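Numbering of ligands and ligand atoms starts at 1, following listing order. All residue numbers in this chain count up from 1 along the given sequence. Remember, predicted model here, so these are calculated numbers, not experimental data.
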Amino acid sequence: MARSKRKRCHSPASSVGSDSPKRKKQKCEETRFLLERLRRVQMLQSDEEFDTLYELDRVNGKLGYGSFATVRTCREKASGNIFACKEVSKKKLFAMSRSAEMIDLTYNEAACFTEILPEHENIVKVYKIYESPNYIYMIMELLEKDTLAQTFQRYSCTDARVLFRKIMQAVKHLHEYGVIHRDLNIGMKNICFRSGDTNSPVIVDLNLSIYLPHLATRIRPGFVIDQVFSDRELKQIIKRVKLDDEPPSFDDDVSSLGKILSVLLTGDRQPKDPPCFKPGCHPQAVQLLCVLLDNNQRRALTIEQILNHPWFQSSD
Ligand SMILES: Nc1ncnc2c1ncn2[C@@H]1O[C@H](COP(=O)(O)OP(=O)(O)OP(=O)(O)O)[C@@H](O)[C@H]1O
């Protein structure tokens, strides 16, 4: 299909919300909602075709799951290499009451990885995305099973500085390209680690993320916005930003980062008031935490300014 024709395709999200269950099932099988517009997504004619390319470990390979996706280990048959695969059930997606919104979010996640974001050391690498009649498969680098939710107590304050700085740099990268993550919550399950290295954080799951083109200061080479987002989607983004009482902003992420720092420095999931810091905690770390937890002080700073805080510069 010619590129100009693709641009005019309507996103299925615009009409799926009010359909009957039977119609939803039929639509799910008919609709290739990523393939319509994302150049780097590969088409599978049938669900079974995926099994000819990859062996998904459905018995012992579960790494995590969400409302309509499961992440498992898989082996690429041609190379023998092991990856993580996020398998999104389109049936579940189409059956949800908020399906129109969830389809938009799933499309947005795929667009972020294939079109909007260049790679970053501390953001999960997505190698391939496939779409079959009933599933979306996202093939990613395999990360450690333990997330920051399991490891946060292990770090000294000095280790926490190295770790937190890398997480901040990943978030800065997202923000530069106009993406707000919106799910870096205190649960910390979206911060994983590169194999065998709990000092090498990797942010996963852009499923709640939002792309705000007017906030981007950088554009990935080759990314053409109106080939990836329809007029309807762009208008919806702008409407949402204008009308919401609390429109999404970069501060949503920075505020979550403040809460994560507080957990890292105290080792408590729900830090006490006043907080009880880990031994040897640097006064500058505490000072930065106060800034990040104070709405007015935090909102007055950019991520760049936060990364220039003296705590990140000191070596003790
Ligand atoms: N590349 C990976 N390697 C190892 N584990 C991973 C990887 N990606 C995700 N996980 C694990 O799987 C969990 C679920 O992944 P993800 O959050 O992307 O799914 P989701 O369906 O979008 O979840 P939710 O609905 O909660 O947003 C993550 O919290 C993480 O623990």
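A salt bridge links Arg40 with Glu115; the closest basic N to acidic carboxylate O contact falls under 4.0 Å. Remark: Asp252 does not engage Arg182 in a salt bridge, criterion side-chain N to carboxylate O under 4.0 Å. Using a 4.0 Å cut-off between a side-chain N of Lys or Arg and a carboxylate O of Asp or Glu, Asp159 and Lys278 do not qualify as a salt bridge. One finds a salt bridge joining Lys172 and Glu304 here, because a Lys/Arg side-chain nitrogen approaches an Asp/Glu carboxylate oxygen to under 4.0 Å.
If you look at Lys189 next to ligand 1, the close heavy atoms, those under 4.0 Å, come from the backbone and the side chain alike. If you look at Thr147 next to ligand 1, the close heavy atoms, those under 4.0 Å, all belong to the side chain. For Thr70, no heavy-atom contact with ligand 1 is shorter than 4.0 Å.
Not one N or O of Lys145 is nearer than 3.5 Å to an N or O of ligand 1, by distance alone. Every N/O-N/O distance between Glu109 and ligand 1 stays at or above 3.5 Å. Below 3.5 Å of separation, one finds no N or O of Glu144 facing any N or O of ligand 1.
With 3.5 Å as the limit, one finds a donor-acceptor pair spanning the side chains of Tyr130 and Tyr54.
Those atoms of ligand 1 that come under 4.0 Å of a heavy atom in Ala84, given as number and element, are 1 (N), 2 (C), 3 (N).
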